[in-house]
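This report concerns only the one structure given below.
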Protein chains: 2
Amino acid sequence: MRRVTIKDVAAAAGVSIGTASKALNGQGKLRAETRDRVAQAAERLGFAPNPLAQALLTGRSYTVGLITTDSFGRFSIPVMLGAEDALGAGLISVFMCDTRDDPDRERRYIEMLTARRVDGLIVTGRRIEPRLAVRADPSIPVVYAMTQPEGEGAAVLPDDEGGGRIAAEHLLAIGRRRVAHITGPERFLAARLRARGFQAALGAAGVEPCGAARFGEWSERWGREAAGQSLADRPDAIFCGSDQIARGVADTLRAVGRRIPEDVALVGFDNWAPMALGALPPLSSVDMSLEEVGRVAAEHLLAAIGGDRLGGVHKVASQLVVRESSGA
Amino acid sequence: MRRVTIKDVAAAAGVSIGTASKALNGQGKLRAETRDRVAQAAERLGFAPNPLAQALLTGRSYTVGLITTDSFGRFSIPVMLGAEDALGAGLISVFMCDTRDDPDRERRYIEMLTARRVDGLIVTGRRIEPRLAVRADPSIPVVYAMTQPEGEGAAVLPDDEGGGRIAAEHLLAIGRRRVAHITGPERFLAARLRARGFQAALGAAGVEPCGAARFGEWSERWGREAAGQSLADRPDAIFCGSDQIARGVADTLRAVGRRIPEDVALVGFDNWAPMALGALPPLSSVDMSLEEVGRVAAEHLLAAIGGDRLGGVHKVASQLVVRESSGA
DNA sequence: CCTATCTAGGAAAAGCTATTCCTTGAATGG
DNA sequence: CCATTCAAGGAATAGCTTTTCCTAGATAGG
């Protein structure tokens, strides 16, 4: 049960194999009648060109490598889905590569992908600080999604600073003036950016932050603990650096009898559905639109593959999803 | 900057290209000195064979398709990581395919993968009921991971029934005799299996379940609600069908002043780290070893690619992770 | 010394497609 | 009527590797 090749199509249509190729690709000078005959033969035989042969000949494989450094964690998944979606629409297949932050694995993957003649690379993963740029054949375009490479390199990032800003603006808009901030480790760039956007928005409204930003961990435990400390400042709203933190905060508030949102409004970050929806009450949260980040990254990559020069950093706007923890 | 081909190696070593190939692959009859010369030339030039050409010629591409029906959700991710891990060790690359449960997308992916001459397929995804078998070229082996196909087909599944059993056995072992069960929708095969294993283990110990199994949703909200109902039965332990349900249950127990685990012990299901660890207190939970499921599926696939006949259904044992919600 | 056998390695085909260059026949223009 | 141009399609090449088959030389045996 051999697969049908263009040779079979050519024979069935009574033309040479070069002619069959031209007919199917709309190239060269052929009579319309001939084109039709070839097209019908191809249809009848169920012909599909062999991508391997095409790639070998043309140098374009219609594949890209999707490299993640953090084992497709909670954040890279949506990015990767968005990317795969945008690429799939362009009929490009995706090689999945999980480097686990191991430079050696990364090197091997890059070699493999280069050997397989991928048309481009998308690199994604957790970001603490700008990551080392992937060292690949410079002729193959690379787009970073959600991570920023050192030095040069095209990147698509969520807008953490903007996310902090819209959270603050929302809390101000619903009338809160004593707004505290509890967030993750300060060594995370994302945590610093969110805090900066948050403070900038308060400052623009002439409001002082309610106590200094509390940096800690991304965990519920830290949320519970920090909320306890924060209560001394008598906040009427708390902006949390993650939904997990927000849940911890909510636990403590409930335990001491503060009502959410009447006494203290709460806004989380990540809009992680099972966390945000399962909370009591359901959490307002900033959504970084990670799928969109992936989609945009893929589009940039497609443009680069198409020959456009790659640009610098592109930020995708975050969006606030309002639920009961901050009114609504 | 052309890539170096075997032709370059052959020229550098002063042999024909066929001879170079044999030298590099350990085939044919060659003098040891010649082999070395070729090997050194290849090394010096940094030669790596073109997988496209190899695949075109031999029909083996050293790629497999990884198809998920549920957008690489929380359950398919670990499976896919385990599979990728096992395959990567075998130097096989993975095409990522997200069908979103759309038969049309699935068909297109299968076509694409077949055209690209993948050596095999792994199908994974949410499982409510046995899924329709993927209709692919019967010459290419398929292994289902975490989903079971209708009729024939090799599958690797987590052991839901065993998971229910070990949860019950653990609760019995710590002295609980009034054990209730709150779980997800009854239409999920997994929910029914867990309940069955749970009841079987109780029965084997001569213990009556504390009230009938409560089927509902996989959500915290359902956990809160069902826990309220269940309290009338005065349970001293509750086995929950998911960690989310367990968290809801914990909320209610706390709200009515029942201590965990002193008054009521709790065991969840999934061992979903952020949920289980963030809970108050941290949850004991059944871990389905999904990475292992993926790994085993990949190994089965590799065996099938290697020519072994594919077997039937293989179950991977679940494991109980004990945390504070049930003693320890 | 001649033939059979073995060794080392070369030539060529197969796997499949896209493109460049040619060829052939017809049509057009002078 | 002859030369030129154009249309239609064929032949061949490139892209890269592996394997089969073959050849040339050497060695061994009779």
Side-chain angles (χ1 to χ4, degrees), chain A residues 1-39 41-42 45-63 91 111-112 114-119 139, chain B residues 1-39 41-42 45-63 91 111-112 114-119 139:
Chain A
M1 188 181 133
R2 248 184 63 265
R3 282 186 65 99
V4 15
T5 75
I6 200 171
K7 202 162 158 185
D8 304 318
V9 174
V15 298
S16 80
I17 127 181
T19 303
S21 173
K22 286 176 222 167
L24 294 171
N25 296 307
Q27 300 290 346
K29 298 257 170 203
L30 274 69
R31 247 177 319 167
E33 189 267 331
T34 309
R35 271 187 215 286
D36 288 352
R37 197 148 35 91
V38 173
L45 299 175
F47 168 73
N50 184 331
L52 267 39
Q54 292 185 124
L56 184 57
L57 181 59
T58 65
R60 271 213 64 178
S61 64
Y62 290 86
T63 58
L91 298 176
E111 265 169 26
M112 178 278 279
T114 314
R116 290 198 192 272
R117 304 292 192 280
V118 292
D119 298 329
S139 69
Chain B
M1 187 182 133
R2 245 183 65 265
R3 283 187 63 98
V4 14
T5 75
I6 200 169
K7 202 163 160 183
D8 304 318
V9 174
V15 297
S16 81
I17 125 183
T19 303
S21 173
K22 286 176 221 165
L24 294 171
N25 297 307
Q27 300 290 347
K29 296 258 170 199
L30 274 70
R31 247 177 319 166
E33 189 269 332
T34 310
R35 271 186 215 287
D36 289 353
R37 198 149 33 93
V38 173
L45 299 176
F47 167 73
N50 184 330
L52 267 40
Q54 292 185 122
L56 184 56
L57 182 58
T58 65
R60 271 214 62 178
S61 63
Y62 289 87
T63 58
L91 300 174
E111 265 170 26
M112 179 278 279
T114 313
R116 290 198 192 274
R117 303 294 192 280
V118 292
D119 299 328
S139 68

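In what follows, chains carry the letters A, B, and so on, assigned in the order in which the sequence lines appear, proteins first and then strands, with residues in each chain numbered from 1. Quick caveat: nothing in here was measured; it's all calculated off a predicted structure.
- Atom CG of A:Asp36 is separated from atom C1' of D:dA8 by 15 Å (rounded to the nearest Å).
- The interatomic distance linking A:Glu33 (CD) with D:dA8 (P) rounds to 11 Å, in whole Å.
- Distance from the side chain of B:Gln54 is smallest to D:dT17 among D:dG10, D:dT17, D:dC16.
- For A:Arg31 and D:dA7, the shortest distance from a side-chain N or O to OP1 or OP2 is not below 4.0 Å.
- In this structure, B:Lys22 atom NZ and D:dT20 atom P are separated by 10 Å, rounded to whole Å.
- Side-chain N/O atoms of A:Thr19 include none lying less than 4.0 angstrom from OP1 or OP2 on D:dG9.
- For the pair B:Gly18 and A:Val4, nearest-nucleotide mapping onto DNA chain C gives the more 5' position to B:Gly18.
- Put simply, NZ on A:Lys7 is 15 Å from P on D:dG10, counting in whole angstrom units.
- To the nearest 0.5 Å, atoms CD1 (A:Ile6) and CG (A:Leu45) are separated by 11.5 Å.
- Remark: P of D:dA14 and CG of B:Leu56 are 17 Å apart, rounded to the nearest angstrom.
- Annotation: the span from A:Arg117 atom CZ to A:Arg60 atom CZ amounts to 14.5 Å, rounded to 0.5 Å.
- Nucleotides of DNA chain C lying under 4.0 Å from heavy atoms of chain A occupy a range whose first and last members, 5' to 3', are C:dC16 to C:dT20.
- Residues A:Arg3 and A:Asn50 are not in side-chain contact: their nearest non-hydrogen atoms beyond the backbone lie 4.5 Å or more apart.
- Atom CG of A:Leu24 and atom NZ of A:Lys22 lie 12.0 Å apart (nearest 0.5 Å).
- Rounded to a whole Å, the CD atom of B:Gln27 is 5 Å from the P atom of D:dT19.
- With hydrogens and angles disregarded, a donor-acceptor distance shorter than 3.5 Å links the side chain of B:Asp8 to the backbone of B:Thr5.
- Nearest to the side-chain atoms of B:Asn50 among the listed nucleotides D:dG15, D:dG9, D:dC16 stands D:dC16.
- B:Phe47 has its CZ atom 10 Å from the P atom of D:dC16, to the nearest Å.
- Rounding to whole angstrom units, CD1 of residue A:Ile17 and C1' of D:dG10 are separated by 11 Å.
- Note that CG of A:Leu52 is 11.0 Å distant from CG of B:Leu57, once rounded to the nearest 0.5 Å.
- Taking CD of A:Gln27 as the start and OG of A:Ser21 as the end, the distance is 8.0 Å to the nearest 0.5 Å.
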